Protein chains: 2
Amino acid sequence: MKQSIEMSDEGPVATSPRRRVRKAEAAPNLGVPVAGHGIDVEQNIYQTVFDSVLNQRLAPGTKLPEPALCELFGVSRAVIRKVLQRLEHDRIVELRPNKGAVIAAPTPEETRQIFEARRALEVSIVEIAARCHTAQDLADLRHLLAHEHEVTHNPYQPTWAACAREFHLRIAAVAGNPILTSYLTELMTRCSLIVALYQPIGNAACEHAEHGRIVDYMEKGDVASARAEMGRHLRALEDNISLDRSGSTQTLAQMLNLG
Amino acid sequence: MKQSIEMSDEGPVATSPRRRVRKAEAAPNLGVPVAGHGIDVEQNIYQTVFDSVLNQRLAPGTKLPEPALCELFGVSRAVIRKVLQRLEHDRIVELRPNKGAVIAAPTPEETRQIFEARRALEVSIVEIAARCHTAQDLADLRHLLAHEHEVTHNPYQPTWAACAREFHLRIAAVAGNPILTSYLTELMTRCSLIVALYQPIGNAACEHAEHGRIVDYMEKGDVASARAEMGRHLRALEDNISLDRSGSTQTLAQMLNLG
DNA sequence: GAAACGAATATCGTTGACGATTATGAGTTG
DNA sequence: CAACTCATAATCGTCAACGATATTCGTTTC
């Protein structure tokens with residue numbers, strides 16, 4: 001997670017527009033194994049699964065068989081296994097030895113830990129950001145807030161979820177520490193997993209007003225209040241999570257938004 | 001990094017005692033490829049490299065050719081590549097496409113970010129620990145402090161480095177959040193890399209007195225002072241890093257403490 | 001004598017196949 | 001009819017080999 005994540009609600013990123021995936025015929029490769037461009041393909045697959053989880057097309061617990069992914073993306077198992085390993089390290093999937101990969105399903109205890117870790121991290125991030133922000137940073141944040149206000153009450157949940165996510169990531173960008181940003185990105189993705197698990201209708205909203213207050217405190221240079229407001233904000237978010245479950249009968253290809 | 005790291009200054013963990021690694025004859029495997037026990041082997045290799053980096057037998061910039069590791073550990077390249085990928089994600093090695101793997105060498109800017117991230121994290125960790133510690137936790141920390149006092153001024157740097165490391169990890173354990181602990185573990189390893197880079201003689205000591213004060217504040221329940229002391233402590237540690245370089249002419253096998 | 005060119009070597013990326021392990025379903029029996 | 005057993009299928013872990021790429025070293029030329 002070196003660079004910021006681009007949100008796209010329309011499935012795979014930068015796939016050839018006329019691509020038609022069919023069994024055992026996907027990505028013919030012309031017989032020549034082109035080496036060296038593997039990173040793009042790998043990043044593509046990773047991003048597709050990542051976005052699908054973020055947009056809740058891939059529910060926690062969904063199995064991800066390697067042969068199925070091979071045919072869907074037209075690559076060999078080695079590539080798939082590499083991507084799955086990255087996804088496991090980012091806690092997006094769980095790799096059970098000899099039993100295959102599934103989308104991670106955080107337990108209630110893990111949920112508590114994830115939110116606690118996120119509070120610990122993001123409170124420090126907003127403190128750094130409150131100390132070192134520029135006028136341009138504040139303008140950008142205000143712009144995001146306006147956009148956020150527009151999509152409030154949008155019936156399509158992933159849109160404003162992406163919007164809220166972008167706000168938090170932007171604050172991390174203001175703080176200017178890519179390490180902290182990568183940790184936050186990982187934790188926010190796991191929060192999305194939790195929302196997918198426990199919020200079928202998807203209404204664990206970031207309160208818009210709280211976001212606004214955070215920027216206000218940052219602008220006033222009130223570091224302590226910015227910290228406190230972020231802490232309250234994240235605690236309220238955690239409290240909004242109720243506990244129930246949902247299922248789905250879509251195919252893997254549909255959930256990945258392919259073909 | 002699911003569980004806490006055990007420090008061992010004596011090289012590879014749990015290798016067969018009578019094992020004699022020789023070229024093209026290592027780990028005969030009896031012709032049958034035993035599958036399923038791969039996780040142990042994989043963890044073994046990871047831990048060996050990890051410890052070697054921690055103990056500064058593997059200097060930053062050292063190349064890790066896949067064929068060499070295959071012969072040293074008697075496994076196929078697939079296993080080595082999997083371990084190298086994990087090490088890359090933990091920022092211990094850097095994987096350059098088509099150019100091989102090297103032990104990561106943080107730049108000065110990355111160094112600043114690593115220390116900032118560690119301060120941000122560990123200040124929150126000590127706050128949580130100061131709120132939720134038990135009497136047993138304090139006793140354990142005091143015990144570590146005593147051991148730390150014993151090995152102070154020990155000429156063998158890795159011993160007290162491991163000791164100081166254990167102290168910080170124990171505080172994270174008291175806080176009881178494995179996610180924060182894993183992040184801290186990663187950052188402390190990267191700090192070890194930095195020490196290996198910029199401190200040839202290895203004297204970036206954790207001040208023993210500061211550790212003691214942190215425990216004192218925790219015991220008194222003075223959360224704010226514990227936070228502040230940890231922040232000062234880590235800032236002092238960063239300030240102790242000066243900038244010079246060292247090299248080594250050991251073989252890879254020697255640095256890994258094998259054969 | 002130094003720099004540029006080219007061949008040889010070393011190393012990496014990818015693939016396909018083989019054996020091992022787990023899940024599934026048919027068949028049998030109490 | 002339910003529960004158990006066994007055979008079949010699906011999936012995973014590992015390996016060896018092939019082509020591609022980067023590095024190195026010897027040779028040539030100015």
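In what follows, chains carry the letters A, B, and so on, assigned in the order in which the sequence lines appear, proteins first and then strands, with residues in each chain numbered from 1. Just so we're clear, the structure is a prediction, and the values are computed from it rather than from any experiment.
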- line: To the nearest angstrom, the CD-C1' distance between B/E66 and D/dA17 comes to 15 Å

query: Taking only residues two or more places apart in sequence, or in another chain, which ones meet B/R81 in a side chain to side chain contact (heavy atoms under 4.5 Å, CB included)?
result: A/K82, B/E66, B/R77

message: Checking A/Q113 now: which residues fulfil side chain to side chain contact (heavy atoms under 4.5 Å, CB included) with it, not counting sequence neighbours?
response: A/E109, A/E110, B/N177, B/P178, B/I179

field: Residues which pass side chain to side chain donor-acceptor pair (under 3.5 Å) with A/R119, listed by chain and number, not counting sequence neighbours
entry: A/E238

message: Taking 4.0 Å as the cut-off, does a side-chain nitrogen or oxygen of A/K82 come that near to OP1 or OP2 on C/dT14?
response: yes

- prompt: B/F73 CZ to D/dC15 P: how many Å, rounded?
  reply: 14 Å

- request: Return the orientation label for the A/H89 and B/H89 ring planes: parallel under 30°, perpendicular over 60°, tilted otherwise.
  value: perpendicular

- prompt: For B/E42 and D/dC15, what is the distance between atoms CD and P respectively, to the nearest whole Å?
  reply: 12 Å

Distances under 3.5 Å only, N/O to N/O: pair up the protein atoms with those of nucleotides 22-24 of chain C.
from   : atom 1 : to    : atom 2 : distance (Å)
C/dA23 : OP1    : A/K99 : NZ     : 3.4

query: Phosphate oxygens OP1/OP2 of C/dG13: is one of them under 4.0 Å from a side-chain N or O of B/R81?
result: yes

message: When you compare the side chain of B/R165 with that of B/L54, does any pair of heavy atoms fall below 4.5 Å?
response: yes

- line: Rounded to whole Å, the CD-P distance (A/E71 to C/dT15) equals 15 Å

- prompt: B/P65 side chain: which of C/dG13, C/dT11, D/dC15 is closest?
  reply: C/dT11

query: Are side-chain N/O atoms of A/E122 and A/Y183 paired as donor and acceptor at under 3.5 Å?
result: no

- prompt: Starting at the 5' end of DNA chain D and moving along, which residue's nearest nucleotide shows up first, B/R77 or A/R96?
  reply: A/R96

- prompt: What's the closest nucleotide to the A/A78 side chain, out of D/dG13, C/dC12, C/dT15?
  reply: C/dT15

- prompt: With sequence neighbours excluded, what pairs up with A/F167 under the ring-ring contact (aromatic ring centres under 6.0 Å, His included) test?
  reply: A/H211

task: Starting from P on D/dT11, measure out to CD1 on A/I80 and report it in whole angstrom.
output: 14 Å

- request: In whole angstrom, give the distance that lies between atom CG of B/L95 and atom C1' of C/dG13.
  value: 12 Å

